[in-house]
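Letters A, B, ... are given to chains in the order of the sequence lines, protein chains preceding strands, and every chain is numbered from 1. Just so it is clear, the values below take in all heavy atoms, side chains as well, and ignore hydrogens, waters and symmetry mates.
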Amino acid sequence: MQHLGCSHRFCATLCILSSMKQIFALVDCNNFFVSCERVFNPHLEGCPVVVLSNNDGCIIARSNEAKALSIPMGMPLFEANKIIRHHNIHVYSSNYPLYGDMSARVMNALGTFSPHMEIYSIDEAFLGLAGFEHRGLRDYGLNIKNTIKQWTGIPVSIGIAETKTLAKIAGHIAKRSDKANGSFTITDESTKCNVLDKIKIRDIWGIGSRWAQMLNDQGVKTALDFHNLHERWVRKRMGITGTRTLLELRGQPCLNLESHPPDKKTIRVSRSFAKPVTNRQVLRESVAAFAARAAEKMRRNGLVCSTVNVFVMTNQFNPKNYYRGSASHSPPVPSNHTAEITQAAMIAFENVWTPGLQFKSAGVMMLGLVPVERIQGQLFFQPNKLVNERKKRLMVAFDKINSNIGNNTIRIASTGVDNRAKCGVYTLQNYRSPRYTTCWSELPIVQA
DNA sequence: TCTGGGGTCCTAGGACCC
DNA sequence: TCTGGGGTCCTAGGACCC
């Protein structure tokens with residue numbers, strides 16, 4: 001956020017970001033996970049398809065055909081089973097190695113259309129198109145859409161406007177309107193008002209279910225209604241976040257393009273178990289495996305953490321016996337070393353373990369993350385440079401072995417010697433497709 | 001019976017300081 | 001008996017996102 005000399009905090013956060021007119025393009029992959037499956041299984045085209053969350057718990061992606069059958073986002077699989085059988089819906093477990101790789105291909109292709117890009121999520125990116133002629137924007141969007149489809153097989157929709165929030169709304173129209181054909185621009189006031197009048201309050205980026213309910217209760221039903229509210233009222237009821245959304249809808253950019261992702265502030269690894277865990281050793285080994293995985297993530301991001309938090313939970317959908325325990329422990333110095341992080345997690349674990357409970361999920365959080373080169377020195381603790389260098393080299397070798405030969409080829413003993421507690425073993429994945437692009441033994445086979 | 005995982009920001013209130 | 005004013009930092013909880 002740029003600061004244009006306004007000292008008041010509120011003004012500072014709302015100031016217009018640049019004197020030059022911004023243009024944002026939101027590129028959104030259509031039903032991304034389903035589209036990834038379809039690239040390698042073209043016969044799924046035109047069929048209802050859903051993709052499940054980890055542990056085959058909920059439906060987290062749906063093809064248009066599945067949406068037309070009124071399957072809501074997040075529906076638990078057990079509730080959907082009847083409709084799945086009845087309509088012969090194709091079901092897939094989530095296959096993150098495949099989706100991550102396909103995402104990288106899409107993002108690489110998008111990078112050729114603008115030097116200014118923010119990768120917003122696995123299936124979305126904003127492009128900065130400031131300086132482009134308004135008249136040519138929609139065609140540019142169509143060009144992007146066709147190129148991505150041709151290069152990667154993934155269908156995308158493009159929304160173009162002067163703020164991110166409006167670009168999101170343009171993307172919403174691009175995806176749903178036949179006339180838009182996948183690319184829609186909002187660059188003039190009358191188009192904007194026409195469009196906002198048709199957008200439900202819940203479909204505005206930044207307005208979730210709670211605020212939508214509150215606004216609906218106040219008679220604010222459409223994006224246009226919201227757009228016309230008094231700024232003071234919004235500030236009072238929805239804070240600075242809601243006010244930013246309001247101003248963005250009015251064409252005043254409050255959210256900048258984040259070309260370089262800011263450093264992470266927390267890293268979390270957590271899983272729910274396929275079956276409740278009552279055994280101390282099994283839970284302990286799982287937490288150790290999560291900690292090891294988190295340490296690996298920190299190393300990949302060049303970060304160290306000062307505190308390790310461990311949490312364990314019983315079934316959250318059973319409020320009667322619900323228990324959530326959480327405890328933290330700090331390693332002597334900030335670290336991303338697997339052994340040190342795991343050790344800290346094991347100490348914290350002792351404070352959350354409670355016998356006699358049925359644990360349904362557990363996880364670890366790395367807190368106080370800082371870049372590895374900014375570790376704070378300690379007055380009474382002089383690190384041994386030689387030891388440090390050896391530790392670092394050990395972790396480099398550790399990561400190299402696991403990346404070249406396969407995850408968990410080498411691991412720390414507290415995650416379980418019989419390999420049962422490694423990440424994912426307790427997770428159901430009954431419907432996973434092959435890792436077509438990231439695993440030699442699962443490459444697609446082309447028949448002559 | 002079966003209900004994901006990983007993040008962010010903002011705000012209010014308490015502890016603590018001088 | 002009477003007991004200030006102003007600031008920072010931390011944390012928990014609530015909202016949001018995909």
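- Among the atoms of the strands shown, none is found under 4.0 Å from any heavy atom of A:Asn81.
- Using cut-offs of 30° and 60° on the angle between ring planes, the pair A:Tyr120 and A:Trp205 is perpendicular.
- A donor-acceptor pair is defined here as one N or O able to donate and one able to accept, closer than 3.5 Å; no such pair exists between the side chain of A:Ser103 and the backbone of A:Tyr99.
- B:dC18 is paired with C:dG5 under the Watson-Crick or G-U wobble criterion, all donor-acceptor distances under 3.5 Å.
- When distances run from any side-chain atom of A:Ile240 to the nucleotides B:dG4, B:dG7, B:dT11, the shortest one goes to B:dT11.
- For A:Ser272 and B:dG5, the shortest distance from a side-chain N or O to OP1 or OP2 is below 4.0 Å.
- If you check every strand for non-hydrogen atoms under 4.0 Å, A:Ile204 touches sugar and phosphate atoms only.
- In this structure, A:Lys360 fails the cation-pi test against A:Phe273, since its NZ or CZ atom is not both closer than 6.0 Å to the six-membered ring centre and inside 45 degrees of the ring normal.
- Both A:Met73 and A:Ile267 lie close to DNA chain B; mapped to their nearest nucleotides by heavy-atom distance, the more 5′-ward contact belongs to A:Met73.
- Distances from the side chain of A:Glu124 to the nucleotides B:dG7, C:dC18, B:dG4 place C:dC18 closest.
- To the nearest angstrom, C1' of B:dG7 lies 15 Å from CE of A:Met366.
- Contacts between residues 89-102 of chain A and DNA chain B, defined by a heavy-atom separation under 4.0 Å, are absent.
- Salt-bridge check for A:Glu350 with A:Arg280: passed, with a basic side-chain N closer than 4.0 Å to an acidic carboxylate O.
- A:Ile119 has its CD1 atom 18 Å from the C1' atom of B:dT8, to the nearest Å.
- By the 5.5 angstrom centroid cut-off and the 30-degree plane limit, A:Phe317 is classified as stacked against the base of B:dT3.
- Comparing the C1' positions of B:dC2 and C:dC18 gives a spacing of 25 Å, expressed to the nearest Å.
- Taking only side-chain atoms of A:Trp211, from C-beta outward, the nucleotide of C:dA15, B:dG7, C:dC18 with the closest atom is C:dA15.
- One can place NZ of A:Lys236 at 15 Å from P of B:dT11, the figure rounded to the nearest angstrom.
- Of the candidates B:dC9, C:dC18, B:dT3, the closest approach to any side-chain atom of A:Arg244 belongs to B:dC9.
- Between A:Lys360 and B:dT3 there is a side-chain polar atom (N or O) within less than 4.0 angstrom of OP1 or OP2.
- Within the structure, every side-chain polar atom (N or O) of A:Lys82 is placed at least 4.0 Å from both OP1 and OP2 of B:dC2.
- Within the nucleic acid shown, A:Ile207 comes within 4.0 Å of sugar-phosphate atoms alone, with no base atom in reach, counting heavy atoms only.
- The CZ-P distance, from A:Phe226 to C:dC16, rounds to 11 Å in whole Å.
- Phosphate contact (OP1/OP2 of B:dT11, side-chain N/O of A:Arg235, threshold under 4.0 Å): present.
- The interatomic distance linking A:Met365 (CE) with C:dA12 (P) rounds to 11 Å, in whole Å.
- With a 4.5 Å cut-off on side-chain heavy atoms, A:Asn95 and A:Glu37 count as touching.
- Here the C1' atom of nucleotide B:dG4 and the CG atom of A:Asn315 are 13 Å apart, to the nearest Å.
- Geometrically, A:Arg138 does not engage A:Phe184 in a cation-pi contact, judged by NZ or CZ lying under 6.0 Å from the ring centre and within 45° of the ring axis.
- Taking only side-chain atoms of A:Thr266, from C-beta outward, the nucleotide of B:dG7, B:dG4, C:dC18 with the closest atom is B:dG7.
- Look at CZ on A:Arg268: it is 17 Å from P on C:dC17, rounded to the nearest Å.
- A:Glu248 and A:Gln252 share no donor-acceptor pair across their side chains, judged by distance under 3.5 Å alone.
- The two residues A:Ala344 and A:Val308 have their closest heavy-atom pair at CB-CG2, 3.9 Å.
- One finds a side-chain N or O of A:Lys265 lying less than 4.0 angstrom from the OP1 or OP2 phosphate oxygen of B:dC9.
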